[in-house]
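Only one structure is covered here, and it is reproduced in the block below.
For clarity, every value in this text was computed on a predicted model and none was experimentally measured. Residue indices begin at 1 and follow the sequence shown.
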Amino acid sequence: MRHATRWTAVIAGVSLCLGLGAGLARAADPVADEAAVAKDLTAVIALQSLPCGQVLRAAKQGDNDYLATCQDGNRYRVTVNPEGRVVVTKQ
């Protein structure tokens, strides 16, 4: 498997986790949901090789749209584009 293809698959998998995992956790426990989303966003930001450390706060802006605040002070908007790819934009 080519390197770019492997990373695309990983990012798509994390995207799926963001959507499905968050919905399942929300039904069970809102606090667990926040922790799971923060963990997923931390992984997504790290896969993009962006500085963050750990996501401390994640504010849901819409479907598959989050504003992540990192422990190092950086803030990122994490969304899924129409092609299904995760996009991380520094705020």
Side-chain angles (χ1 to χ4, degrees):
M1 181 180 273
R2 288 187 3 230
H3 182 72
T5 305
R6 182 175 58 219
W7 281 111
T8 301
V10 168
I11 291 171
V14 171
S15 172
L16 183 61
C17 288
L18 279 172
L20 294 178
L24 294 174
R26 184 179 309 114
D29 181 6
V31 174
D33 176 42
E34 289 179 31
V37 169
K39 185 176 179 181
D40 288 345
L41 291 172
T42 299
V44 167
I45 293 166
L47 285 170
Q48 297 286 321
S49 300
L50 296 168
C52 179
Q54 181 178 353
V55 172
L56 300 179
R57 199 172 21 234
K60 187 169 182 160
Q61 306 295 302
D63 289 339
N64 293 319
D65 186 353
Y66 292 88
L67 184 60
T69 303
C70 300
Q71 81 184 109
D72 66 1
N74 283 311
R75 290 174 43 146
Y76 298 100
R77 183 172 180 205
V78 181
T79 60
V80 177
N81 69 14
E83 292 80 33
R85 298 219 172 155
V86 176
V87 178
V88 181
T89 309
K90 187 169 176 136
Q91 298 293 294

Fill in the blank from the handout: CD of Glu34 to NZ of Lys60, rounded to nearest 0.5 Å, is 12.0 Å
Exercise for the section: Can you see which heavy atom on Ile45 is nearest to which on Pro51, and at what distance? Expected result: CG2-O, 4.5 Å
Practice task
Measure the shortest side-chain to side-chain distance between Val88 and Leu50 over non-hydrogen atoms and say whether it is less than 4.5 angstrom.
Solution key: yes
Problem - Closest approach of Tyr76 to Gln91 (non-hydrogen atoms, all atoms of both residues) - result: C-CG, 4.0 Å
Practice task
Count the heavy atoms of every other residue, nucleotide or ligand shown that sit under 6.0 Å from CG of Asp72, and state whether that count exceeds 12.
Solution key: yes
Exercise for the section: Determine yes or no for a side-chain-to-main-chain donor-acceptor pair under 3.5 angstrom, with Asp65 supplying the side chain and Thr79 the backbone. Expected result: no
Practice task
Taking Gln71 for its side chain and Gln54 for its backbone only, find out whether a donor-acceptor pair lies under 3.5 Å.
Solution key: yes
Practice task
Can you see which heavy atom on Gln48 is nearest to which on Val86, and at what distance?
Solution key: NE2-O, 4.2 Å
Problem - Separation between CG of Leu41 and CG of Leu56, rounded to the nearest 0.5 Å - result: 11.5 Å
